[in-house]
Amino acid sequence: MNAARFIARRLRFEGKMAMISIAISFLVIILAVTISGGFRKEIRSGIADIAGDIQVSWPEVGALASDNPLNLSQPNLAGLDSIPGVAMVRPAVYRGGIVKGEKEISGVIFKGAAGSGLDSLRVKIPATLARQAGLAPGDKMTAYFVGEKVRARRFIVDSIYEGVLSGSDNLVVLTGLEDLQRVCGWEPEEVSALELVLTPQGRESMEQIAQISGGKILSRTPEDASAPMAVSALSRYPQIFSWLDLIDFNVAVILILMTIVAGFNMISGLLILLFRNISTIGTLKSLGMTDRSISELFLRVASRLVLTGMAIGNGLALLFCLVQGTTHVLRLNPENYFLSYVPVNVNPLMILGADAVAYLAIMVLLTIPCLFIARVDPARTVRVG
């Protein structure tokens with residue numbers, strides 16, 4: 001049996017405060033990782049639901065044009081769903097409108113998409129509009145569409161959703177595709193845009209897939225004709241993705257700070273353990289054990305404490321994620337954070353990666369106090385003991 005392992009099993013690390021510090025540090029690290037992942041997942045999914053990850057429309061007028069639709073039978077629009085990373089291609093119609101509430105009117109964007117699951121003249125409205133207009137599921141909602149002539153439609157509110165793009169200046173009302181095609185006076189093959197919804201892996205290379213899509217459309221378009229343009233959500237909403245990048249940077253800072261805090265608490269605890277066992281170190285040296293083997297012994301003892309604190313911190317963090325994920329007890333102001341609650345996303349690979357990085361960094365820091373072992377003189381310490 002390995003001597004260092006045998007002796008390490010019989011040594012006790014009395015650093016309760018160090019273990020508490022380790023547990024708190026790992027709790028904060030895992031919460032930061034899961035909340036950051038939750039924001040990225042929910043916001044990206046919300047953008048994909050409202051506007052697609054990549055939107056194909058006419059470059060001059062965009063998707064809100066009511067007099068220049070795309071035709072789904074155009075040869076240059078075929079085959080976009082075969083591009084790697086594209087999960088589905090969804091035709092959509094956009095139209096600006098006005099909704100009259102109890103006390104005020106609100107400018108909104110109506111969106112009809114294939115596969116919305118909504119019956120004719122039924123809509124899903126954002127929570128912000130529901131508050132402004134005093135609407136609830138089952139209520140009737142009158143909307144006005146301004147063009148060559150004003151057209152009015154009376155919809156029934158099917159449900160209310162919390163959207164990441166639901167600020168007071170960007171209200172998106174979801175309805176059936178056919179409803180808006182009739183409002184615009186379009187044929188079944190005419191739409192405002194095609195939305196490309198990407199796979200989770202594809203979203204990591206969103207800009208590249210947008211370029212591939214645009215190049216494929218352009219290559220199939222005659223030289224004397226204008227081609228629709230593929231624009232990614234990253235280009236349409238740069239401020240949102242910049243905000244997500246800032247969150248990721250903050251997570252990296254938290255990971256570094258918590259690792260340093262936990263590491264230095266462990267260093268102090270390990271130094272105390274070494275001072276209390278000077279005679280033991282001297283005895284082991286006199287028996288022929290090398291400094292490296294003795295260091296390994298004490299690092300094993302410290303590692304056991306770090307792993308215990310890590311397990312406690314991980315357990316508490318996952319418990320929080322379970323409660324928050326099912327109840328959304330912690331709320332946010334959507335005007336500032338795009339979401340009305342603190343999102344969590346438990347990604348096992350991300351959690352294991354954060355644990356591994358923090359653990360290795362702490363163990364590297366713990367090699368510093370082990371340098372003290374080389375300064376212990378067996379002749380003096382054994383005689384004193």
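The first residue in the sequence is number 1, and the count goes up from there.
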**Request:** State whether the number of non-hydrogen atoms from other residues, nucleotides or ligands found under 6.0 Å of I105 atom CD1 is greater than 12.
**Result:** no
**Prompt:** Is it true that atom CZ of F264 has more than 12 heavy atoms of other residues, nucleotides or ligands lying nearer than 6.0 Å?
**Reply:** no
Treat each ILVMFWY residue as a node, draw an edge where side-chain heavy atoms are under 4.5 Å apart, and state whether [X] and [Y] are in one component.
| X | Y | answer |
| --- | --- | --- |
| I256 | M310 | yes |
| L330 | L332 | yes |
| L319 | I20 | no |
| M229 | L80 | no |
| V346 | V323 | no |

**Request:** With sequence neighbours left out, write down each residue that passes side chain to side chain donor-acceptor pair (under 3.5 Å) with T326, or none if nothing qualifies.
**Result:** none
**Complete:** With sequence neighbours left out, the residues meeting side chain to side chain donor-acceptor pair (under 3.5 Å) with K216 are S82
What are the two closest non-hydrogen atoms of [X] and [Y], and how far apart are they?
| X | Y | answer |
| --- | --- | --- |
| A92 | V191 | O-CB, 3.4 Å |
| S57 | L70 | CA-CD1, 4.1 Å |
| G134 | D139 | O-OD2, 4.0 Å |
| R220 | P75 | NH1-O, 3.8 Å |
| I54 | A230 | CG2-CB, 4.0 Å |
| Y237 | F241 | O-CD1, 3.3 Å |

Is any side-chain heavy atom of [Y] closer than 4.5 Å to one of [X]?
| X | Y | result |
| --- | --- | --- |
| S213 | I209 | yes |
| I98 | V108 | no |
| L72 | P91 | yes |
| L27 | F320 | no |
| Q55 | R236 | yes |
| L77 | P228 | yes |
| M266 | I22 | yes |
| V123 | L174 | no |

**D53: which of R90, R203, R44 passes salt bridge (charged side-chain N to carboxylate O under 4.0 Å, His left out)** = R203
Straight-line distance of [X] [atom1] to [Y] [atom2], nearest 0.5 Å:
| X | Y | atom1 | atom2 | result |
| --- | --- | --- | --- | --- |
| K41 | N345 | NZ | CG | 4.5 Å |
| L255 | N250 | CG | CG | 12.5 Å |
| C321 | I30 | SG | CD1 | 8.5 Å |
| S232 | M206 | OG | CE | 6.0 Å |
| I125 | R131 | CD1 | CZ | 10.5 Å |
| I156 | L118 | CD1 | CG | 11.5 Å |

Treating [X] as the side-chain partner and [Y] as the backbone partner, does any N or O pair qualify as donor plus acceptor under 3.5 Å?
| X | Y | result |
| --- | --- | --- |
| S235 | V231 | no |
| N265 | A262 | no |
| Q324 | V329 | yes |
| K111 | I50 | yes |

**Prompt:** Going by the ring-ring contact (aromatic ring centres under 6.0 Å, His included) test, which pairs reach into residues 16-42, not counting sequence neighbours?
**Reply:** F39-W243
**ring-ring contact (aromatic ring centres under 6.0 Å, His included): pairs with one or both residues in residues 129-151, sequence neighbours excluded** = F110-F145
**Prompt:** By side chain to side chain contact (heavy atoms under 4.5 Å, CB included), which residues pair with I212, not counting sequence neighbours?
**Reply:** I83, Q208
**Set of side chain to side chain contact (heavy atoms under 4.5 Å, CB included) partners for A133, sequence neighbours left out** = L129, L135
Do any side-chain atoms of residues 348-369 form donor-acceptor pairs under 3.5 angstrom with protein atoms, and if so which ones, sequence neighbours left out?
residue : atom : partner : partner atom : Å
D355    : OD1  : N314    : ND2          : 3.3
Y359    : OH   : S303    : OG           : 2.5
T367    : OG1  : V364    : O            : 2.5

**Request:** Give the C-alpha distance, both sets of side-chain angles, the deciding distance and a yes or no for side chain to side chain contact (heavy atoms under 4.5 Å, CB included) between Q132 and L171.
**Result:** CA-CA 11 Å; Q132 289 180 357; L171 302 172; 3.7 Å; yes
**Request:** Check which hydrophobic residues are tied to M88 through side-chain heavy-atom contacts below 4.5 Å, counting indirect links as well, and list them.
**Result:** V197
**Asked** If you group Ile, Leu, Val, Met, Phe, Trp and Tyr whenever their side-chain heavy atoms sit less than 4.5 Å apart, what else falls in with L322?
**Response** none
**Complete:** The salt bridge (charged side-chain N to carboxylate O under 4.0 Å, His left out) partners of E189 (sequence neighbours excluded) come to none
Can I get a per-line list of side-chain donor-acceptor pairs under 3.5 Å for residues 177-185, giving both atom names and the distance, sequence neighbours left out?
residue : atom : partner : partner atom : Å
D179    : OD1  : S120    : OG           : 3.4
D179    : OD1  : R182    : NH2          : 2.6
D179    : OD2  : L121    : N            : 2.7
D179    : OD2  : T175    : OG1          : 3.3
Q181    : NE2  : P188    : O            : 3.1
Q181    : NE2  : E190    : O            : 2.9

**Item:** Residue pairs, two or more places apart or on separate chains, that pass salt bridge (charged side-chain N to carboxylate O under 4.0 Å, His left out) and touch residues 240-268
**Value:** R40-D245, R40-D248
**Item:** Evaluation steps, side chain to side chain contact (heavy atoms under 4.5 Å, CB included), between Y341 and E42
**Value:** CA-CA 11 Å; Y341 59 90; E42 293 296 327; 3.4 Å; yes
**Request:** Report the C-alpha distance between I47 and I240 in whole Å, list the side-chain angles of each, state the deciding distance to 0.1 Å, and finish with yes or no for side chain to side chain contact (heavy atoms under 4.5 Å, CB included).
**Result:** CA-CA 10 Å; I47 291 175; I240 295 179; 4.2 Å; yes
